[in-house]
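Below: the structure, in structure tokens.
Positions are given from 1, in the same order as the sequence printed here. None of these values were measured; they are calculated from a predicted model.
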Amino acid sequence: MGAMDTSPQNADGTVGKALHVLDMVAAHMRPVRFNDILSDSPYPKATLYRLLQTLTNQGMLSFDSDSGTYAPGIRLVRLAHSAWRQSSLAPLARPHLDALSSQVQETIHLAQLDRGQVLYVDKRNAATPVEMFSQAGKVGPGYCTGVGKAMMAFLNDEAREDAIRHQSYFRHTEHTLTTPDALRAELDAIRSRGIAYDREEHEVGIICIAAPILLPGGRMIGALSITTSTQHKSLKDLDQLEPMLQACANNIAGAAENWQFPS
């Protein structure tokens, strides 16, 4: 008997295919046209069109007829929000984020990782708020954010390589790392140092220092960052806040030690 085919287009039948299409649309991080999805898809044109129609009819995707683009739908957003509320670190971390925010008076992010992408699960604004991409419930890239790199650096080798493969390597700024090899070198340095930085890699003028949240056995369950603008502080200034950042990450890990998180 031949080996079972577990490729995405055959695993779990139609449901597996539909979820794979959702992943492809979400991975673009923007509304996307049919032909762009087709270029990434292992499915025939007719099959892909049928899956997109079904997902749109069910509210899992939305279709903008004016621009001819697909994006995550309201039903998918509702499901994601419900899952986030039930499985995220946010409830456990809340008092620790509040304490850190009061200490540093800068923007605080709490994040978790999903196949190399960052899910911002909570946020505290700075005393003087700075406009930036991140919001609680929003998904961002892993390769060019402090929390993303902090989390990827502490994955096991297999999971780390999987996360590296799932990055887009789009050049957001002149400082963005745009190759897998550059990201690997950065992750090695972060694992050695225990701290990650965003050096204006995702947004011009936005910098951060980030730390992983590690359980006593070394399992990574999230990351925490202190974020500011280059008009307000430098990376050297942020280094002065590292002890408070690490203490907060350790406090969250302690609170989470007996909590069951999804693997």
Taking every non-hydrogen atom, the tightest pair across [X] and [Y]:
{"X": "Ala163", "Y": "Leu155", "value": "CB-CD1, 4.0 Å"}
{"X": "Ile190", "Y": "Ala153", "value": "CG2-CB, 3.6 Å"}
{"X": "Ile164", "Y": "Pro180", "value": "CG2-CB, 3.8 Å"}
{"X": "Ala249", "Y": "Pro212", "value": "CB-O, 3.7 Å"}
{"X": "Cys144", "Y": "His172", "value": "SG-CD2, 3.7 Å"}
{"X": "His28", "Y": "Asp36", "value": "NE2-O, 4.2 Å"}

Can you find a pair of side-chain heavy atoms, one from [X] and one from [Y], that are under 4.5 Å apart?
{"X": "Thr54", "Y": "Tyr49", "value": "no"}
{"X": "Asp98", "Y": "Arg94", "value": "yes"}
{"X": "Ile195", "Y": "Leu245", "value": "yes"}
{"X": "Ile252", "Y": "Leu97", "value": "yes"}
{"X": "Leu89", "Y": "Ile221", "value": "yes"}
{"X": "Leu48", "Y": "Phe34", "value": "yes"}
{"X": "Ile108", "Y": "Lys123", "value": "no"}

Backbone N/O of [Y] and side chain of [X]: donor-acceptor pair under 3.5 Å:
{"X": "Gln105", "Y": "Ser102", "answer": "yes"}
{"X": "Gln167", "Y": "Gly116", "answer": "yes"}
{"X": "Asp114", "Y": "Gln117", "answer": "no"}
{"X": "Asp162", "Y": "Glu158", "answer": "no"}
{"X": "Ser41", "Y": "Ile37", "answer": "no"}
{"X": "Thr176", "Y": "Thr178", "answer": "no"}
{"X": "Lys149", "Y": "Glu186", "answer": "no"}

Run Asp181 and Arg184 through salt bridge (Lys or Arg N to Asp or Glu O under 4.0 Å) and show every step you take. CA-CA 5 Å; Asp181 285 344; Arg184 286 188 186 95; 2.9 Å; yes
Over 60° means perpendicular and under 30° means parallel, so classify the ring planes of Tyr70 and Phe63, tilted if in between. tilted
Criterion side-chain contact (heavy atoms from CB on, under 4.5 Å) on Cys208 and His109, from CA distance to verdict: CA-CA 10 Å; Cys208 90; His109 292 119; 6.0 Å; no
Cut-off 3.5 Å, no hydrogens considered: what does the side-chain donor-acceptor table look like for residues 55-62, sequence neighbours left out?
residue : atom : partner : partner atom : Å
Thr56   : OG1  : Leu52   : O            : 2.8
Asn57   : ND2  : Gln53   : O            : 3.2
Gln58   : OE1  : Arg75   : NH1          : 3.0
Ser62   : OG   : Ala71   : O            : 3.4

Would you tell me whether [X] and [Y] have side-chain atoms, one donor and one acceptor, within less than 3.5 Å of each other?
{"X": "Asp237", "Y": "His232", "result": "no"}
{"X": "Glu106", "Y": "Thr228", "result": "yes"}
{"X": "Ser67", "Y": "Thr69", "result": "yes"}
{"X": "His166", "Y": "Arg115", "result": "yes"}

Run Glu242 and Arg193 through salt bridge (Lys or Arg N to Asp or Glu O under 4.0 Å) and show every step you take. CA-CA 12 Å; Glu242 180 183 340; Arg193 170 85 161 80; 3.1 Å; yes
Go through it in stages, so that I can follow the logic: the residues are Asp157 and Arg160, the test is salt bridge (Lys or Arg N to Asp or Glu O under 4.0 Å), and I'd like the CA-CA distance, side-chain angles, deciding distance and then a yes or no. CA-CA 5 Å; Asp157 291 345; Arg160 187 175 90 152; 5.3 Å; no
Just verifying a value: how many Å separate [X] [atom1] and [Y] [atom2], rounded to the nearest 0.5 Å?
{"X": "Leu238", "Y": "Thr227", "atom1": "CG", "atom2": "OG1", "value": "8.0 Å"}
{"X": "Lys17", "Y": "Thr47", "atom1": "NZ", "atom2": "OG1", "value": "6.0 Å"}
{"X": "His202", "Y": "Ile207", "atom1": "NE2", "atom2": "CD1", "value": "16.0 Å"}
{"X": "Leu100", "Y": "Leu110", "atom1": "CG", "atom2": "CG", "value": "11.0 Å"}
{"X": "Asp198", "Y": "Leu235", "atom1": "CG", "atom2": "CG", "value": "8.5 Å"}
{"X": "Gln112", "Y": "Ile213", "atom1": "CD", "atom2": "CD1", "value": "8.0 Å"}

Are [Y] and [X] linked, directly or through intermediate hydrophobic residues, by side-chain heavy-atom contacts shorter than 4.5 Å (ILVMFWY only)?
{"X": "Ile206", "Y": "Val204", "answer": "no"}
{"X": "Leu19", "Y": "Ile74", "answer": "no"}
{"X": "Val21", "Y": "Leu79", "answer": "yes"}

State yes or no: are the ring centers of Tyr143 and Tyr169 separated by less than 6.0 Å? yes
Can you check side-chain contact (heavy atoms from CB on, under 4.5 Å) on Leu183 and Met152, steps first, answer last? CA-CA 10 Å; Leu183 180 58; Met152 283 193 286; 4.1 Å; yes
